Amino acid sequence: MNETFVEFFSDEALENVMCLLQYKPAHIVYLGYKVTMVTRKIKSLQNFAKIISPETELEFIEVQRENLDCCVAALTSVADKYPDAFYELTGGGEMLLIAFGFLSATRNLKTLRIDPYTGLEVNMLPGQRPTQHKDKINISVKENIILHGGLLTRQTGSYSTWSFTTEFKEDIRTIWDVAKKLEHRWNRYCAIIEDVIKSYPCDDSGYFVLPKSALGEAGNLLFKLNGKGMLKDFTHDTKRIRFRFKNSSIKHIVTKTGNILELHVYEVASRAPEVFTDKIIGAMIDWNGDKSEEEKATYASDYERYMNSTYNTINEIDVVLMRSTAPIFISCKSGKASSNSLHELETVTRRFGGKYASKALAMALPLESSMNGNSFFRERAKEMHIWVIDNIYHLTDEELLNKLIKLQP
């Protein structure tokens with residue numbers, strides 16, 4: 001394949017990198033309008049290219065949006081300079097494509113198109129029948145966020161909180177079985193245990209002594225978890241329960257109500273690596289990806305100050321999956337959901353996924369029991385192209401996995 005490709009710069013970031021991903025060529029020329037080819041998008045593309053193909057030279061040429069003569073002149077200049085270049089036809093402005101059609105009527109230009117959804121490539125060489133083939137082109141969640149101008153921070157759960165060993169995945173399945181039986185009581189019990197632990201912290205060895213009077217019914221959850229091997233050194237008398245958590249991950253699950261649903265969705269998705277080629281849980285997305293972690297550390301002495309500052313916008317998405325090059329953003333709700341949940345999910349997906357991204361709201365309980373006006377909620381979600389997967393407590397793992405696989409934008 002030739003070493004120079006020409007891309008028509010698109011608002012959709014993914015459409016600008018298909019040749020880069022497939023061929024990692026020596027040189028890519030981007031033709032685009034000034035209103036589209038803004039500095040932020042160019043810098044994001046350059047940062048992405050440094051990771052994917054650092055040896056590839058990127059060249060950017062601006063053309064006037066409504067000036068066909070200008071577009072034709074620019075394309076003619078590129079064709080003269082790079083006579084063997086391939087022109088990738090995914091994306092690009094209307095006037096540029098008209099100009100390309102005008103020029104290709106008099107010149108034997110080599111064209112191709114790579115579908116961002118499927119990886120299907122169609123090649124059209126002068127004097128030959130079109131050929132097509134399909135390759136597996138993948139990018140990671142981290143790379144996708146960088147491509148769209150953001151950054152996954154060090155506080156992302158897959159980096160800072162969870163280690164998905166075989167044993168921990170089995171623990172997730174065990175605790176999920178407990179949560180399924182408790183349903184709405186799971187949230188209530190976890191919230192109580194969290195509050196009691198704050199009032200009665202453990203000793204230096206991680207040993208808790210909690211009063212039964214403060215725990216109330218939530219003490220039943222500790223008995224169930226001990227029966228499943230999630231606690232250690234468990235004893236109790238008429239007034240107190242004493243124990244250690246099996247490990248810090250189990251403590252994180254029991255002391256934050258929504259963690260088990262997020263972990264369950266993530267763990268089920270991990271069973272189909274041929275479908276979901278990458279995945280992240282607890283994705284902390286920094287919208288200003290142009291600053292390094294070291295620069296951010298000098299701005300704020302601790303993470304809480306950084307999160308609360310006006311310096312950057314931070315969003316957390318519970319689970320992000322990749323299907324080759326297309327991201328799936330999932331917000332998990334173990335309790336009630338609101339319209340704000342839909343708007344937050346829509347905003348983040350539009351910014352870091354564009355039209356090729358899918359988005360879903362995963363709910364442990366039936367929507368009907370999670371909020372009032374559920375018919376309006378479903379209709380609003382449908383209008384925003386957000387899939388609602390509810391009543392997960394009553395779905396088998398296979399049913400949930402099938403629903404995740406069927407997610408489409």
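Treat the numbers as computed from the prediction; the structure is a model and nothing was measured.
Summarising the geometry, atom NZ belonging to Lys134 is positioned 5.0 Å from atom OG1 belonging to Thr118; distances are rounded to the nearest 0.5 Å. Atom-to-atom distance recorded for Ile42:CD1 and Met37:CE is 5.0 Å, nearest 0.5 angstrom. One finds the CG atom of Leu395 at 8.0 Å from the NZ atom of Lys180 (value rounded to the nearest 0.5 Å). Going from atom CD of Glu62 over to atom OG1 of Thr36 covers 10.0 Å, rounded to the nearest 0.5 Å. Considering CE of Met230 and CD1 of Ile250, their distance stands at 5.5 Å, rounded to 0.5 Å.
When all heavy atoms of Asp233 and Arg244 are compared, the pair lying nearest together is OD2-NH1, 2.5 Å. Between Phe377 and Ala337, the shortest heavy-atom contact is CZ-CB, 4.1 Å. Gln22 approaches Asp135 most closely through the heavy-atom pair NE2-OD2, 2.7 Å. Between Val319 and Cys332, the closest heavy-atom pair is CG2-SG, 4.3 Å.
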Go through it in stages, so that I can follow the logic: the residues are Leu225 and Phe234, the test is side chain to side chain contact (heavy atoms under 4.5 Å, CB included), and I'd like the CA-CA distance, side-chain angles, deciding distance and then a yes or no. CA-CA 10 Å; Leu225 292 171; Phe234 185 92; over 6 Å; no
Criterion side chain to side chain contact (heavy atoms under 4.5 Å, CB included) on Ile175 and Lys228, from CA distance to verdict: CA-CA 8 Å; Ile175 297 176; Lys228 299 292 185 179; over 6 Å; no
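Within 6.0 Å of OH on Tyr356 lie more than 12 heavy atoms contributed by other residues, nucleotides or ligands. Within 6.0 Å of atom NZ in Lys50, 12 or fewer heavy atoms from other residues, nucleotides or ligands are found, so the atom counts as exposed in its surroundings. Within a 6.0 Å radius of NZ in Lys142, no more than 12 heavy atoms belonging to other residues, nucleotides or ligands are found.
The ring-ring contact (aromatic ring centres under 6.0 Å, His included) search around Phe329 returns none, not counting sequence neighbours. Residues that satisfy the salt bridge (Lys or Arg N to Asp or Glu O under 4.0 Å) test with Asp390, not counting sequence neighbours, are Arg378. In this structure, the side-chain contact (heavy atoms from CB on, under 4.5 Å) partners of Ser10, at least two apart in sequence or on a different chain, are Glu12, Glu15, Asn16. Applying the side-chain hydrogen bond (donor to acceptor under 3.5 Å, both in side chains) test to Arg242 and every residue at least two apart in sequence or in another chain returns Asp237. In this structure, the ring-ring contact (aromatic ring centres under 6.0 Å, His included) partners of Phe352, at least two apart in sequence or on a different chain, are Trp287. Judged as a ring-ring contact (aromatic ring centres under 6.0 Å, His included), and not counting sequence neighbours, His184 has no contacts. Arg113 meets the salt bridge (Lys or Arg N to Asp or Glu O under 4.0 Å) test with Asp115; sequence neighbours excluded. Every side-chain contact (heavy atoms from CB on, under 4.5 Å) that Val38 has, sequence neighbours left out, goes to Lys41. By the side-chain contact (heavy atoms from CB on, under 4.5 Å) test, Ser163 pairs with Thr165, sequence neighbours left out.
Using bins of under 30°, 30° to 60° and over 60° for the plane-to-plane angle, the ring pair Phe60/Tyr30 lands in the parallel bin. Phe5 and Tyr23 have parallel rings, their planes meeting at less than 30° on a 0 to 90° scale where 60° marks the start of perpendicular.
A salt bridge links Arg107 with Asp80: the distance from a Lys NZ or Arg NE/NH1/NH2 to an Asp or Glu carboxylate oxygen falls below 4.0 Å. One finds a salt bridge joining Glu346 and Lys359 here, because a Lys/Arg side-chain nitrogen approaches an Asp/Glu carboxylate oxygen to under 4.0 Å. Salt bridge annotation for Arg173-Asp397: absent, with no cationic side-chain nitrogen under 4.0 angstrom from a carboxylate oxygen. No salt bridge links Glu379 with Lys382; every basic N to acidic carboxylate O contact stays at or beyond 4.0 Å.
Remark: side-chain polar atoms of Arg323 are paired, donor with acceptor, to backbone N or O of Ile405 under 3.5 angstrom. Judged by distance alone, with hydrogens and angles left aside, the side-chain atoms of Asn226 form no donor-acceptor pair with the main-chain N or O of Leu222 at under 3.5 Å.
Counting only residues at least two apart or on different chains, the side-chain hydrogen bond (donor to acceptor under 3.5 Å, both in side chains) pairs with a member in residues 189-200 are Tyr189-Glu217.
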Donor-acceptor pairs under 3.5 angstrom involving side-chain atoms of residues 68-78: please list them, not counting sequence neighbours.
unit_1	atom_1	unit_2	atom_2	d
Thr76	OG1	Val72	O	2.7

Show every donor-acceptor pair shorter than 3.5 Å between a side-chain atom in residues 256-266 and any protein atom, with sequence neighbours excluded, or say none if there are none.
unit_1	atom_1	unit_2	atom_2	d
Asn259	ND2	His252	O	2.8
His264	NE2	Trp176	NE1	3.4

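The side-chain contact (heavy atoms from CB on, under 4.5 Å) with Glu88 is formed by just one residue from the set Val6, Leu112, Ile28; it is Leu112.
Side chain to side chain, Asn187 and Ser334 meet the donor-acceptor criterion of an N or O pair below 3.5 Å.
Side-chain atoms of Ile172 and Phe164, non-hydrogen and from C-beta on, do get closer than 4.5 Å to each other.
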